[in-house]
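Take a look at the structure set out below.
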Amino acid sequence: MKIFYASRRIPGIATAARHVSWCSWPPLLWAVATVSSPTIWIVLLMLRSDARCDQPLFWWGLGPAVALSHALAIWSWRPDAWRSRRRAGMSYLGTALPATILLVLLLAWCSGFLHDMLPLAERWTGRAEAWASLGCGAAIIVAFALMSHLPSAAVLPSLAFRGAAPRTPAPG
């Protein structure tokens, strides 16, 4: 490994060394992202209190959907390409949010959850249309995705930028 860092003439070797150090982190980052997601804990606590639910495919599928979207975002995320933690977090969030929204929307549609949202959408909007149900379902899904990924978008860049210099307190 020392030869990778010592060679500055061949640019591919330096990037290979950086890639080797990055490849060891994704399982840890995925575990931290999944554990730090509050929506997974909320759904698991709800299912633990009463596992009999009206849409078992939807409720039991929320946790794996969030975990899969974390894995997709981490797989496509390269923190070395970003200069700051904030930009790396925004890049992670920009990949994870659409993946979660798509997976949960497909899960809600396949399980019939969106059809069950129609009476709720009718009360909120005053209309009995399928588009109102889809709109209310999409609003709830976007809120769910934001709650799923905001904590991990704040934590993961700090873990990924492990080589950054620690902050020292100001003298005085």
Side-chain angles (χ1 to χ4, degrees), residues 1 4-5 8 10-48 55-111 113-114 117 134-170:
M1 198 61 141
F4 286 142
Y5 293 110
R8 295 185 185 255
I10 305 172
I13 290 179
T15 57
R18 195 170 43 228
H19 184 67
V20 167
S21 66
W22 165 245
C23 284
S24 61
W25 280 86
L28 173 68
L29 292 176
W30 177 78
V32 168
T34 304
V35 168
S36 68
S37 179
T39 53
I40 288 180
W41 291 104
I42 291 169
V43 169
L44 285 176
L45 287 173
M46 283 178 12
L47 289 172
R48 185 179 182 274
Q55 298 291 338
L57 175 68
F58 177 73
W59 292 108
W60 287 102
L62 285 177
V66 171
L68 181 63
S69 65
H70 281 303
L72 289 172
I74 289 170
W75 178 69
S76 67
W77 185 53
R78 291 281 182 233
D80 298 340
W82 303 101
R83 296 179 188 219
S84 69
R85 287 184 176 109
R86 182 177 179 182
R87 286 187 183 191
M90 293 301 286
S91 168
Y92 175 81
L93 200 61
T95 306
L97 279 177
T100 302
I101 290 170
L102 179 68
L103 287 173
V104 175
L105 191 59
L106 285 173
L107 190 64
W109 181 45
C110 291
S111 68
F113 185 74
L114 286 179
M117 289 285 297
L134 183 64
C136 288
I140 291 171
I141 289 170
V142 167
F144 178 83
L146 280 171
M147 286 182 3
S148 295
H149 297 293
L150 282 177
S152 55
V155 171
L156 291 185
S158 298
L159 290 175
F161 282 100
R162 65 194 175 283
R167 294 183 182 171
T168 56

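Predicted model, so just to flag it, every value in this text is computed and none were measured. Any value given below was found using the heavy atoms of this structure, including those in side chains, with hydrogens, waters and symmetry copies removed.
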### Closest approach of L107 to L57 (non-hydrogen atoms, all atoms of both residues)
CD1-O, 3.9 Å
### Task
Starting at CD1 of I74, measure out to OG of S152 and round the result to the nearest 0.5 Å.
7.5 Å
### Message
Checking F58 now: which residues fulfil ring pair (Phe, Tyr, Trp, His ring centres under 6.0 Å) with it, not counting sequence neighbours?
### Response
F113
### Query
Considering all heavy atoms of both residues, which atom of Y92 and which atom of A33 are nearest to each other, and what is their separation?
OH-CB, 3.9 Å
### Query
At what distance, to the nearest 0.5 angstrom, does CH2 of W60 lie from CG of L47?
4.5 Å
Between side-chain atoms of residues 94-104 and protein atoms elsewhere (two or more places apart, or another chain), which donor-acceptor pairs fall under 3.5 Å?
residue: T95; atom: OG1; partner: S91; partner atom: O; Å: 3.1
residue: T100; atom: OG1; partner: S69; partner atom: OG; Å: 2.7
residue: T100; atom: OG1; partner: A96; partner atom: O; Å: 3.0
residue: T100; atom: OG1; partner: H149; partner atom: NE2; Å: 2.4

### Query
To the nearest 0.5 Å, how far apart are CG in L156 and CG in L29?
5.5 Å
Donor-acceptor pairs under 3.5 Å, side chain of residues 38-45 to any protein atom, not counting sequence neighbours: which ones?
residue: T39; atom: OG1; partner: S37; partner atom: OG; Å: 3.1
residue: T39; atom: OG1; partner: S148; partner atom: OG; Å: 2.6
residue: W41; atom: NE1; partner: V35; partner atom: O; Å: 2.7

### Query
Has M90 got more than 12 heavy atoms of other residues, nucleotides or ligands less than 6.0 Å from its CE?
no
### Query
What residues form a ring pair (Phe, Tyr, Trp, His ring centres under 6.0 Å) with W30, not counting sequence neighbours?
none
